[in-house]
Undergrad: 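The structure is given below, and queries will be raised subsequently.
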Amino acid sequence: MPLEPTDEIAGRSLWADAWARLFRNRAAVASLVALGIIVALAILAPYLGAYPYDEVDWDNIQTAPSFENRHYFGTDENGRDLFVRTLFGGRISLTVGVAATLVSVVIGVAWGATAGFLGGRADALMMRFVDILYSLPFIFFVILLSVVFGRSILLIYIAIGAVSWLDMARIVRGQTLSLKRREFVEAAHASGVSPFNIIRRHIVPNTLGPVAVYVTLTVPRVILVESFISFLGMGVQEPETSWGALISEGVRGMEFAPWMLVSPCVFLAVTLFCFNFLGDGLRDALDPKDR
Amino acid sequence: MLSYAIRRLFGAVPTLLLLVAVAFFMMRLAPGGPFDKERKVPAEVLANLEKAYHLDEPLIAQFVRYLGNVLRGDFGPSFKYKDFSVTELIWGGFPTSLTLGGTAILLAGVIGITLGIFAALRQNTMVDYVLMASAMTGIALPNFVVAPLLTLVFGLWLSWLPVGGWGDSWTQGILPIVALTLPEIAAIARLTRASMIETLRSNYVRTARAKGLPERVAILRHALKGALLPVISYLGPAVAGIITGSIIIEQIFSIPGIGRYFVQASLNRDYTLVMGVTIFYGVIIILFNLAVDLIYGFLDPKVRYD
């Protein structure tokens, strides 16, 4: 009996499945929403506050939060509005997080995919390089870099990105090693696709799952490093600010003005939490067998 | 085994060399010399200073000289603390940093592993959820947030503990050690739980139970041994984490350790001291990773020595 032509069944891609699973994960969805709000606040910062971020309000030096004078989070020891400063700090912290992560994705994916695909001596050499860099004390080098090149925030982006690609390279390489033996890569080979195009068209897109998980875990790590450096006074410079710099100012004034410590701490902690939950959720969503 | 150990030892040499080289050349690339002051120094004085510190030689010659000195444990004079050599400053701060960090890593191991086993044995109960949620908090919160908050609550509001200083009373150590240990406890507990759950399901633990061993023996003697392998390999990163954390903690609690010197030196552009500390801690981290690898190879027969 000939087969009846059936209605075409809509295929479900890996990504559609993963999205569905992610949206069933309450912690991940809540984190996504919270992050959305924080990002929106940071972007809209200049329009939300009643004061510019570097304006001194001489009548309100180091005053507690109050809605009457529209200093929602209080003011610092220079009479600057902490609500606006916290949001502006968020701009820097989040930008550093995203920018440095992008740098690390670009370098890490390219390096890992190339090493894994070439294999042999090139692979051994490239991964040995990663191993060596890996065992260097990372944070000391970021500090060294910031000492050497002055307190430029752009250089900090690049410096952090340039040293945080190592994990990414290892993950992508591992994926590539298992991918390159697969039939579709062999087929591409047989039909004469160049190695570069095989990496670009067939290998890299298939490594995106683990890369996506790792990105959500790299962003908070980078934000942490930037805060760490700014906390020590080697990151962003006045009047610019970031959460780490605000926390450091808060620590100095915490005896008389604890609110200076609270707002940047809360924003930083919530952001880090959300990225971690999102990363966990994403991992569960993309790799259901791992539960 | 021995040849594996020797090969690993030699494998660490290029890493150590690169560490010194990167630190050296990066500091030399720095714009602005260590003698840049607001007041202009006369040219002859500057020339003499540069000669005294060998800054007038070619870069490569300076590097070779520096490398030779480092091998002999001499990091040169400090540019800012004129009466001290960098080696003296590092050794001066080392006992303090070692006490702080050593206590922290010991506590982190003991408490973290205990909590991890506890959570694994009560998997998917309230205890497990509470422990793992706290561990998540410990991992997500950096210690420069935890330390000030602890100080605020226990030091200033409750006045139970001193908020800084070192060496006058043991109570001064409590807050810094707690702040330094919490993130590592969290990480170790999570790791132990995950690998313990996996081990508890394995065949050899089932065999141990089936042959009638008491649950305590099956867990402590059989399951734990296997479960601790990933925890041991985490010890390298844990030590690196504690060292990094101690920079912040020593700064917050005014503890006279190496970390504090490092921060002061970075802010003052004290080239030799920054390089000295970077290399000193770098060597410790690299050697510790090496030791962990060797121990791991010794404990896990599945590691092949080829």
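The sequence lines fix the lettering, A, B, ..., with proteins before strands; numbering per chain opens at 1.
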Undergrad: Less than 4.5 Å to any heavy atom of chain B: does that hold for the side chain of A:Leu232, its backbone, both, or neither?
TA: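 Interface part for A:Leu232: both.
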Undergrad: Can you say whether A:Phe231 sits under 4.5 Å from chain B via the side chain, the backbone, both, or neither, judging by heavy atoms?
TA: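 Only the side chain of A:Phe231 comes within 4.5 Å of chain B.
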Undergrad: What distance separates A:Arg128 CZ from B:Thr15 OG1, expressed to the nearest 0.5 Å?
TA: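 Taking CZ in A:Arg128 and OG1 in B:Thr15, the distance rounds to 5.0 Å.
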Undergrad: Find out whether B:Phe144 and A:Ser227 are in side-chain contact, i.e. whether some heavy atom of one side chain is under 4.5 Å from a heavy atom of the other.
TA: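 A side-chain contact under 4.5 Å exists here.
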Undergrad: Given heavy-atom pairs under 4.5 angstrom as the criterion, report whether the side chain, backbone, both or neither of B:Leu19 touches chain A.
TA: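 The answer is both parts of B:Leu19.
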Undergrad: Where does B:Val283 contact chain A at under 4.5 Å (heavy atoms): side chain, backbone, both or neither?
TA: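 For B:Val283, no heavy atom lies under 4.5 Å from chain A.
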Undergrad: Side chain from CB out, backbone as N, CA, C, O: work out which of these in B:Val274 comes under 4.5 Å of a heavy atom of chain A, or both, or neither.
TA: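 For B:Val274, the contact with chain A is made by the side chain alone.
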Undergrad: Is chain B contacted by the side chain of A:Asp280, its backbone, both, or neither, given a heavy-atom distance below 4.5 Å?
TA: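 Contact with chain B: side chain only.
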Undergrad: At a 4.5 Å cut-off on heavy atoms, which part of A:Thr271 comes close to chain B: side chain, backbone, both, or neither?
TA: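 The answer is neither part of A:Thr271.
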Undergrad: Where on A:Arg221 is there a heavy atom nearer than 4.5 Å to chain B: the side chain, the backbone, both, or neither?
TA: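 No part of A:Arg221 comes within 4.5 Å of chain B.
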Undergrad: Do B:Ile279 and A:Phe140 come close enough that some side-chain heavy atom pair is under 4.5 Å?
TA: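 Of all side-chain heavy-atom pairs linking A:Phe140 with B:Ile279, none is under 4.5 Å.
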Undergrad: Please tabulate, one pair per line, all N/O donor-acceptor pairs under 3.5 Å involving side-chain atoms of residues 234-250 of chain B, not counting sequence neighbours.
TA:
unit_1   : atom_1 : unit_2   : atom_2 : d
B:Tyr234 : OH     : B:Glu184 : OE1    : 2.9
B:Thr244 : OG1    : B:Ala240 : O      : 2.6
B:Ser246 : OG     : B:Ile243 : O      : 2.7
B:Glu250 : OE1    : B:Ile258 : N      : 3.4
B:Glu250 : OE1    : B:Gly259 : N      : 2.7
B:Glu250 : OE1    : B:Arg260 : N      : 3.1
B:Glu250 : OE2    : B:Ser97  : OG     : 2.8

Undergrad: Taking everything shown except B:Phe154 itself, do over 12 heavy atoms lie less than 6.0 Å from its CZ?
TA: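 Counting other residues, nucleotides and ligands, CZ of B:Phe154 stays at 12 neighbours or fewer.
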Undergrad: Select one option (side chain, backbone, both, neither) describing which atoms of B:Ala147 are under 4.5 Å from chain A's heavy atoms.
TA: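 Contact with chain A involves no heavy atom of B:Ala147 at all.
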Undergrad: If you count heavy-atom pairs within less than 4.5 Å of chain A, which of B:Val263, B:Leu16, B:Leu141 leads?
TA: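 Result: the option with the highest number of such pairs is B:Val263.
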Undergrad: What option among A:Val251, A:Asp131, A:Asn276 has the most heavy-atom pairs under 4.5 Å with chain B?
TA: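 Of the options given, most contacts go to A:Asn276.
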Undergrad: Which region of A:Leu261, side chain (C-beta onward) or backbone (N, CA, C, O), has a non-hydrogen atom less than 4.5 Å from a non-hydrogen atom of chain B, or is it both or neither?
TA: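 Side chain only.
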Undergrad: So which part of B:Ile284 gets closer than 4.5 Å to some heavy atom of chain A, the side chain, the backbone, both or neither?
TA: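 Neither the backbone nor the side chain of B:Ile284 comes within 4.5 Å of chain A.
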Undergrad: Can you tell if the side chain of B:Val145 reaches within under 4.5 Å of the side chain of A:Pro264, non-hydrogen atoms only?
TA: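 No, their side chains stay 4.5 Å or more apart.
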Undergrad: Should we say atom CD of B:Glu198 is surrounded by more than 12 heavy atoms from elsewhere, each under 6.0 Å from it?
TA: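 No, not enclosed.
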Undergrad: Using heavy-atom distances under 4.5 Å, tell me whether A:Phe275 contacts chain B through its side chain, its backbone, both, or neither.
TA: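 Interface part for A:Phe275: neither.
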Undergrad: Out of curiosity, A:Ile247 CD1 to B:Leu149 CG, how far, rounded to the nearest 0.5 Å?
TA: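 Those atoms lie 8.5 Å apart.
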